[in-house]
Visitor: 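To start, I am sharing the structure in question, which I have written as structure tokens.
Order of the sequence lines sets the chain letters (A, B, ...), proteins ahead of strands, with each chain counted from 1.
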2 protein chains.
Amino acid sequence: MKETDDIRSLAAAAQQLDPMDRKILAVLVEDATVSYAELGKRVGLSAPAAHERVKRLKKSGAIRRMAALIDPGAVGKGLLAFIHVDTSGWGKTPALMAIAECPEVEEVHSVAGDACMLLKVRAASTRALEGLLARLYDTPGVKATRSYVVLSTYLERPPQPGVTLSWPVPKAARPAEIVQ
Amino acid sequence: MKETDDIRSLAAAAQQLDPMDRKILAVLVEDATVSYAELGKRVGLSAPAAHERVKRLKKSGAIRRMAALIDPGAVGKGLLAFIHVDTSGWGKTPALMAIAECPEVEEVHSVAGDACMLLKVRAASTRALEGLLARLYDTPGVKATRSYVVLSTYLERPPQPGVTLSWPVPKAARPAEIVQ
DNA sequence: ATTGATGCTTAATTTCATTCGGTCAGTATG
DNA sequence: CATACTGACCGAATGAAATTAAGCATCAAT
């Protein structure tokens with residue numbers, strides 16, 4: 001039996017995405033409402049085959065879930081901001097993580113660089129943003145915050161399956177090759 | 001006829017989300033695969049009524065689209081970074097906007113604060129991130145960049161329909177009330 | 001060569017989306 | 001007030017799509 005490098009085979013098995021899988025992902029990331037017949041037609045497969053692939057992609061975790069992407073403005077959350085949080089000591093305290101329960105908070109990352117934590121926040125108003133900042137400063141360990149309020153958004157999309165294969169050589173940018 | 005404040009009625013008509021709409025959005029943001037019968041059951045509506053609501057939410061733009069949310073690791077993009085870009089002059093040049101074509105670039109915002117542009121980038125490796133930075137520095141008008149590489153992500157989700165109604169009064173945090 | 005596994009196909013079945021009247025409450029209008 | 005209109009809902013019916021089933025080709029390993 002060929003049981004080499006089994007250590008990461010669990011992850012590897014789940015990540016073996018052939019070109020067909022990538023094509024399917026590319027379609028579904030853009031529009032998850034296509035019928036399996038239509039999806040199959042676009043990638044060159046029958047409906048049940050496409051269905052089988054999608055089922056596998058879901059089970060493996062490559063597709064986390066199908067979601068409705070809503071217009072923040074429509075739900076009255078027109079203000080977007082990124083907040084850098086400096087903490088004293090280790091940032092990931094339960095008290096700080098608790099803000100993740102606010103529906104305003106969309107992302108929480110720990111980052112390398114001069115900030116400990118980075119938050120993406122979408123609120124109804126500057127008043128609401130102030131409320132969130134007040135809550136942040138109330139949290140033990142929070143030393144300082146720097147807010148970057150978004151003036152306008154030119155691009156915002158979920159993770160894409162595509163990867164740029166060749167980057168331009170510095171000082172001579174030419175069209176980049178893209179896969180999927 | 002009651003034609004008061006018609007100026008913003010175009011937007012207003014599209015944003016009149018009653019509590020039922022919010023409930024529907026809350027369900028669909030989490031799982032867009034539920035049947036209309038199931039959706040109706042969860043919000044207290046018949047299948048056709050739920051269907052009608054969703055159709056209206058789509059048409060009004062409150063629901064932008066249904067999308068598959070994929071695991072970045074599964075497609076080999078394990079590196080996430082936020083890049084602040086300082087530009088000389090006005091940031092939104094066609095040359096700078098062109099990087100939006102890279103599938104690595106997920107977000108492009110102009111922000112208030114000490115950075116002109118803010119990018120959210122997901123790449124396969126530090127090598128790929130370097131390639132993107134190289135391309136950035138090749139772009140006319142780009143003065144400097146600061147990269148914040150994400151060490152770990154604790155929360156990452158699409159826009160939520162919910163809004164926090166009452167923020168804790170400073171220096172006395174109590175459980176926040178949340179609608180939907 | 002034979003077996004087993006994988007991945008596909010077409011065809012059949014079942015579930016669900018969508019359409020179609022018809023009812024009810026609220027609201028303007030004669 | 002009564003009437004007509006509008007908007008939102010429901011149950012039933014129809015049509016489309018998801019899902020299952022059965023059979024076939026390819027490939028790897030015995």
Side-chain angles (χ1 to χ4, degrees), chain A residues 1-6 9-69 74 161 180, chain B residues 1-6 9-69 74 161 180:
Chain A
M1 296 188 210
K2 185 197 291 180
E3 293 208 352
T4 0
D5 63 6
D6 252 46
S9 75
L10 284 174
Q15 82 175 55
Q16 266 165 4
L17 299 184
D18 60 24
M20 185 60 77
D21 287 324
R22 298 241 175 202
K23 279 204 274 185
I24 288 174
L25 288 180
V27 171
L28 293 182
V29 162
E30 292 305 314
D31 180 8
T33 67
V34 291
S35 69
Y36 287 114
E38 173 66 20
L39 174 61
K41 197 190 306 174
R42 289 201 205 168
V43 302
L45 236 47
S46 70
H51 179 245
E52 185 63 33
R53 291 267 190 168
V54 172
K55 210 160 58 178
R56 190 183 346 138
L57 288 168
K58 281 180 180 169
K59 197 171 54 188
S60 77
I63 294 178
R64 290 208 172 124
R65 63 199 175 95
M66 305 298 191
L69 301 187
Q180 257 350 303
Chain B
M1 294 189 209
K2 186 196 291 179
E3 295 207 353
T4 1
D5 63 4
D6 252 46
S9 74
L10 283 175
Q15 81 176 56
Q16 267 165 1
L17 298 185
D18 61 22
M20 184 59 78
D21 287 325
R22 297 241 175 204
K23 278 204 275 184
I24 288 173
L25 288 179
V27 171
L28 293 182
V29 162
E30 292 305 315
D31 180 9
T33 66
V34 292
S35 69
Y36 287 113
E38 172 67 20
L39 173 61
K41 197 190 306 172
R42 290 200 205 168
V43 303
L45 236 48
S46 71
H51 179 245
E52 185 62 33
R53 291 267 190 167
V54 172
K55 209 161 56 179
R56 189 184 344 139
L57 287 169
K58 281 179 179 170
K59 197 172 52 188
S60 76
I63 295 179
R64 289 208 173 123
R65 61 197 176 97
M66 307 296 192
L69 302 186
Q180 258 349 303

Visitor: Would you indicate which nucleotide in D/dC9, C/dC8, C/dC16 comes nearest to any side-chain atom of B/Leu45?
Guide: D/dC9
Visitor: Tell me whether the side-chain N/O atoms of A/Ser46 come closer than 4.0 Å to OP1 or OP2 in C/dC8.
Guide: no
Visitor: Taking the nucleotide of DNA chain C with the closest heavy atom to each, which residue, A/Pro48 or A/Arg56, is nearer the 5' end?
Guide: A/Arg56
Visitor: Take atom CD of A/Glu38 and atom C1' of D/dA16, then tell me their distance rounded to the nearest Å.
Guide: 14 Å
Visitor: State the CG-CZ distance between B/Leu69 and A/Arg64, to the nearest 0.5 angstrom.
Guide: 8.5 Å
Visitor: Is the distance from OP1 or OP2 of C/dT19 to the nearest side-chain N or O of B/Lys55 less than 4.0 Å?
Guide: yes
Visitor: Kindly indicate, with the supporting measurements, whether the criterion salt bridge (Lys or Arg N to Asp or Glu O under 4.0 Å) is fulfilled by A/Arg42 and A/Glu38.
Guide: CA-CA 6 Å; A/Arg42 289 201 205 168; A/Glu38 173 66 20; 2.8 Å; yes
Visitor: Return the value, rounded to whole Å, for the distance between atom CD of B/Glu52 and atom C1' of D/dA8.
Guide: 9 Å
Visitor: Could you check how far CG of B/Leu39 sits from P of C/dT15, rounded to whole Å?
Guide: 20 Å
Visitor: If I take atom CG from residue B/Leu17 and atom CG from residue B/Leu57, how far apart are they, to the nearest 0.5 angstrom?
Guide: 6.5 Å
Visitor: What's the OH-C1' distance between A/Tyr36 and C/dT15, to the nearest Å?
Guide: 13 Å
Visitor: So if I take every side-chain heavy atom of A/Ser35 and compare against C/dC16, C/dG7, D/dA18, which nucleotide ends up nearest?
Guide: D/dA18
Visitor: Counting only side-chain heavy atoms from C-beta out, which of C/dT18, D/dT19, D/dT20 sits nearest to A/His51?
Guide: D/dT19
Visitor: Yes or no on salt bridge (Lys or Arg N to Asp or Glu O under 4.0 Å) for A/Arg53 and A/Asp21, after CA distance, side-chain angles and deciding distance?
Guide: CA-CA 7 Å; A/Arg53 291 267 190 168; A/Asp21 287 324; 3.1 Å; yes
Visitor: How many Å lie between CG on B/Asp18 and C1' on D/dC9, as a whole number?
Guide: 13 Å
Visitor: Does A/Arg53 place a side-chain N or O at less than 4.0 Å from the phosphate oxygens OP1/OP2 of C/dC8?
Guide: yes
